[in-house]
Amino acid sequence: MNWNKKQKTLKLLEEKLRALSNIEVPSMLEAKLLAQIPGSQLNTQKHLNYHWFEFWSWGLSSAFAAVLIFGIVLFHHSTLSTSNGFVADPVEMPSKWSIIKQDNTSFGMPVVGSEPNFKSNKEPNSSIKKEL
Amino acid sequence: MGMTIEECKEIICQNYKEIYRFALYLTNDPIAAEDLTQEIFISAWTNADTYEERSSIKTWLHRIAFNKFIDSRRQLKRYNVLLDNYEKNKVKTPDDFEPLRKIMADEDLSSLYKAIHTLKEPDYVCIVLHYIQGLSFKEVANVLRRPVGTVKWQINQAIKKIKDCLLDEYELE
């Protein structure tokens, strides 16, 4: 090629200079560069958000698990109590010496709380005495 | 500037070829160019906060590349060796320089490649950035931290020198 004739035109020279960009790039370079991306440093905000999410999810799941375990234990305990003859919800039963009597003034409703009667018509051990 | 991993991937995919080419023209060594390209992108990720959206990502990466090259050449012995190679053995054979095989296969381009390596480094970098890397005068000025007028003048002077070099070469033949 005769540069004396052609290189005088600046456009041709510039065109040739631009053609110098036609180089080959190593095939593995892109993969190497992609592998270098430091995700933890760049995604600081994302990373923090993730930590918050992790913290809250851990906390909520722990709280839920604790409540669930407490509920199961409570339910199991109440079931066992009733089967053993205990009353889970204790209600005050009338004692054997309580006297329920009808009172006209209370419209037929039983009245609890009268004086206990310790006296008995029968004397104790009277039949034993007779036998002796 | 906060960059996500996806944004970083996009930046790499769009720019790594150009940055490698620039590194190759700076170092004149394919392996050193590859190392330098990796260092450039690492530096880019670590200094992502310094990116100002006034300039394009391409310009920003080129500026990092040039600064990295200058720093590396100052500090590291291997880049001093490369500088010596640049000064002494400016043109290598196609066998030694595989990425430039296509260029070396073309007679005109091979001559031009030799001619641009006769330039002094500031002019050479301007020519590489403007014609080979495709940056505008303003972008070249931004990369080199020089006034736009100075860059234009340097490029004009460099073109004249290239012409003279090519004329001399063919006159000798």
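Residue numbering restarts at 1 for every chain, and letters A, B, ... go by the order of the sequence lines.
Using a 4.5 Å cut-off on side-chain heavy atoms (C-beta onward), A:Leu33 and B:Gln38 make contact. Within the 4.5 Å cutoff, side-chain heavy atoms of B:Lys163 are placed close to those of A:Leu13. Contact check for B:Arg21 versus A:Ser21: side-chain heavy atoms found under the 4.5 Å cut-off. Within the 4.5 Å cutoff, the side chain of B:Glu34 has no heavy atoms near those of the A:Met28 side chain. A 4.5 Å side-chain heavy-atom check between A:Ile23 and B:Lys102 finds every atom pair outside the cut-off.
Linking Ile, Leu, Val, Met, Phe, Trp and Tyr whenever their side-chain heavy atoms come within less than 4.5 Å puts B:Ile127 and B:Val148 in one cluster. Taken together through direct or relayed side-chain contacts under 4.5 Å among Ile, Leu, Val, Met, Phe, Trp and Tyr, B:Phe69 and B:Trp45 form part of one hydrophobic cluster. A single hydrophobic cluster is seen to contain both B:Ile19 and B:Ile57, as judged by linkage of ILVMFWY side chains at heavy-atom distances under 4.5 Å, directly or through other members. One hydrophobic cluster, built from ILVMFWY side chains closer than 4.5 Å, cannot hold both B:Val140 and B:Trp153; they sit in different ones. Cluster annotation: B:Ile11 and A:Leu29 are assigned to the same hydrophobic cluster (Ile/Leu/Val/Met/Phe/Trp/Tyr, side-chain heavy-atom contacts under 4.5 Å, transitive).
Atom OH of residue B:Tyr113 and atom CG of residue A:Leu17 lie 13.0 Å apart, to the nearest 0.5 angstrom. Between the SG atom of B:Cys8 and the CG atom of A:Leu34 there is a distance of 10.0 Å, given to the nearest 0.5 Å.
For a residue to count as touching a neighbouring chain, one of its non-hydrogen atoms must lie under 4.5 Å from one of that chain's; by this rule B:Ile159 touches chain A with backbone and side chain alike.
In this structure, A:Glu14 and B:Tyr131 approach most closely via the heavy-atom pair OE2-OH, 2.7 Å. Nearest heavy atom pair, residue A:Leu20 against residue B:Ile103, reads O-CD1, 3.0 Å. Taking every heavy atom of both residues into account, B:Leu109 and A:Lys16 meet most closely at CD2-O, 3.4 Å.
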Side chain to side chain contact (heavy atoms under 4.5 Å, CB included), that's the test. Do A:Ile37 and B:Ile12 meet it? Break it down for me.
CA-CA 10 Å; A:Ile37 297 173; B:Ile12 287 173; 3.9 Å; yes
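More than 12 heavy atoms of other residues, nucleotides or ligands sit less than 6.0 Å from atom CG of A:Leu68. Crowding of B:Lys58 atom NZ: a count of heavy atoms from other residues, nucleotides or ligands under 6.0 Å exceeding 12.
Of the charged side-chain nitrogens involved, none lies within less than 4.0 Å of a carboxylate oxygen, so that A:Glu30 and B:Lys17 do not count as a salt-bridged pair.
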